[in-house]
2 protein chains.
Amino acid sequence: MSKNPQIPALVTTQPCLSPVDIPKLQSVCSACSLRELCLPAGLDTKELAQVDRMVNRRQPVKRGDYLYRAGATLRSLFAIRTGFMKSSVLHEDGREQVAGFHMMGDLLGLDAISTGQHMCDTLALEDSEVCEIPFAVLEELSREIPSLQQHFHRIMSREIVRDYGVMLLLGSMRAEERLAAFLLNLSQRFAARGYSSLEFNLRMTREEIGSFLGLKLETISRVLSHFQNEGLVEVRNKRIRIANIDALRTLVSQQT
Amino acid sequence: MSKNPQIPALVTTQPCLSPVDIPKLQSVCSACSLRELCLPAGLDTKELAQVDRMVNRRQPVKRGDYLYRAGATLRSLFAIRTGFMKSSVLHEDGREQVAGFHMMGDLLGLDAISTGQHMCDTLALEDSEVCEIPFAVLEELSREIPSLQQHFHRIMSREIVRDYGVMLLLGSMRAEERLAAFLLNLSQRFAARGYSSLEFNLRMTREEIGSFLGLKLETISRVLSHFQNEGLVEVRNKRIRIANIDALRTLVSQQT
DNA sequence: CGAACCCTTGAGTCGGTTCAAAGCAGGTGG
DNA sequence: CCACCTGCTTTGAACCGACTCAAGGGTTCG
């Protein structure tokens with residue numbers, strides 16, 4: 001993985017492609033399997049067509065490339081079509097905090113609406129494809145289509161709720177609980193996308209998990225080993241199988 | 001302070017008052033000193049009048065009362081007119097995590113848009129007044145007034161950015177850094193509202209600060225004493241004076 | 001004026017970090 | 001196709017920052 005931090009953001013440094021400039025691919029929103037997870041959830045056929053016209057589809061982002069960097073001007077939001085990404089905020093002194101991991105259907109860039117500049121780095125952890133949604137057009141369209149407006153608000157609010165959950169995790173859970181909650185969250189998100197909820201690949205390193213959970217990579221490794229010894233999971237490198245999901249759930253809601 | 005957790009939410013259990021039912025008070029948005037911090041920032045006179053018609057002003061919330069409880073149906077957002085509040089998320093096992101403290105001009109209830117139900121408890125830490133903004137009307141009006149729409153989006157995004165900052169704090173700062181960052185944040189917010197940035201009252205208890213910062217109340221007390229011994233602050237009960245703001249700033253951006 | 005709540009401080013403990021070393025996997029170039 | 005090399009992971013031992021438990025004093029508000 002080329003993790004050179006000098007690499008400029010792939011997409012935001014280019015001007016936003018105009019929808020008419022690029023050939024339409026078959027994967028329009030109306031035919032997209034992620035539709036009900038993504039921005040156009042709940043729209044009717046005519047509204048979907050309007051959204052289709054707005055979206056620049058299937059922009060590739062290579063593993064190790066940034067979708068955008070902190071400080072870049074907001075032009076578009078991005079929906080992940082395929083792949084896996086992480087967002088992280090940088091402290092002035094260089095410390096990095098992973099703020100979230102993203103997968104298909106997730107809408108990225110919401111942090112940039114506040115100031116018009118992205119406030120975090122978002123990096124592809126595997127080769128990915130994103131749909132680009134010019135933000136100005138989205139605002140315009142959501143004035144015309146109430147159900148689009150409503151769903152966009154819900155998505156922003158959902159991100160706030162997710163953040164509260166992360167605060168709870170970081171502020172009041174112990175290492176084992178944090179990791180259990182993390183695995184259950186991944187499990188549930190894979191399930192919602194039609195993948196196995198009990199066996200999947202961790203796309204991120206132990207260090208990235210640790211950064212997200214406020215722990216060191218050695219702690220992640222130790223707790224995973226411990227879970228394995230207890231028969232809660234089977235770990236083999238990045239591959240993980242949840243062997244006893246109920247025990248994990250008990251761990252999370254356990255009294256300290 | 002009556003902290004009886006059985007008390008139902010003050011406002012959300014009542015039906016939303018219709019704007020025509022209540023007499024208009026003088027404190028319309030157009031005359032409100034918080035206008036530029038609050039929802040109607042950047043609107044012109046005519047747009048302000050439209051917003052004025054939507055808002056139910058000056059609903060009192062007594063110290064110790066809940067503005068809303070987790071699980072309550074979303075009817076309205078609330079803007080704090082005067083006072084001070086905290087929001088907290090509850091873990092199933094009873095652990096509480098304070099997710100934020102709110103003061104005049106802050107817009108509350110954004111977490112509830114996601115599911116239509118509030119996801120946290122919000123409680124007044126001192127006698128307060130809020131302006132009630134029926135959410136359905138806000139969505140409608142923000143379709144008509146682009147600059148209102150834009151500003152509402154910015155406010156939601158700003159909350160997401162704030163949350164990322166809290167994650168950074170909880171995930172990668174040590175106790176002293178967390179408390180320094182907390183004090184600087186309060187200082188900056190008071191300054192933005194025209195109050196002293198160097199001397200103010202902590203409206204919350206040490207325990208609530210601790211919950212927010214992922215620390216125990218004893219740690220808060222110890223670190224405050226330590227800051228005082230170092231000449232960074234002067235503490236006398238809830239009253240705090242920042243004696244060396246540069247030293248606090250250095251602390252926050254310090255290499256570990 | 002009393003009672004409940006809040007705050008401070010000390011001593012001992014512990015969960016997670018730090019530092020260190022070794023093993024492993026996957027990708028690259030010869 | 002194999003060997004190397006780099007980055008990732010595991011595990012151990014020692015350490016330390018924050019927690020726990022406990023006691024005492026202070027403040028606030030009904």
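A note on names: the letters A, B, ... follow the listed sequences, proteins ahead of strands, and every chain is numbered from 1. Since the model is a prediction, treat every value here as computed from it, not as a measurement.
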Contact under 4.0 Å: A/R206 side-chain N or O vs D/dT9 OP1/OP2: yes
Rounded distance (nearest 0.5 Å) linking atom CG of A/D163 with atom CG of B/D111: 11.0 Å
A/F84 and A/F190 aromatic ring geometry - parallel, tilted or perpendicular at 30°/60° bounds: parallel
Check against salt bridge (Lys or Arg N to Asp or Glu O under 4.0 Å), B/K86 and B/E96: CA-CA 12 Å; B/K86 71 163 180 182; B/E96 181 194 18; 3.3 Å; yes
Inter- and intrachain pairs under salt bridge (Lys or Arg N to Asp or Glu O under 4.0 Å), touching residues 119-129 of chain A, at least two apart: A/R58-A/E129, A/R69-A/D121, A/E126-A/R203
Within 6.0 Å of CD in B/Q228, more than 12 heavy atoms from elsewhere: yes
Whole angstroms only, please: what is the [atom1]-[atom2] distance between [X] and [N]?
X: B/M173; N: C/dT17; atom1: CE; atom2: P; result: 17 Å
X: B/L202; N: D/dT27; atom1: CG; atom2: P; result: 16 Å
X: A/N201; N: C/dA25; atom1: CG; atom2: P; result: 15 Å

Carboxylate-amine/guanidinium proximity below 4.0 Å for B/D65 and B/K62: no
Nucleic acid contacts of residues 213-223 of chain A, taken as heavy-atom distances under 4.0 Å to DNA chain C: A/G214, A/L215, A/K216, A/E218, A/T219, A/R222
Nucleic acid contacts - residues 234-245 of chain B versus DNA chain D, non-hydrogen atoms under 4.0 Å: B/N237
Any donor-acceptor pair under 3.5 Å from B/H91 side chain to A/V252 backbone: yes
For B/E159, all residues meeting side-chain hydrogen bond (donor to acceptor under 3.5 Å, both in side chains), sequence neighbours excluded: A/Y164, B/R162
End axis versus end axis in the helix from C/dC1-D/dG30 to C/dG30-D/dC1, the angle rounded to 10°, five pairs used at each terminus: 50°
Pairs touching residues 180-200 of chain A that satisfy side-chain hydrogen bond (donor to acceptor under 3.5 Å, both in side chains), sequence neighbours left out: A/D106-A/R189, A/D106-A/R193, A/N185-A/R189
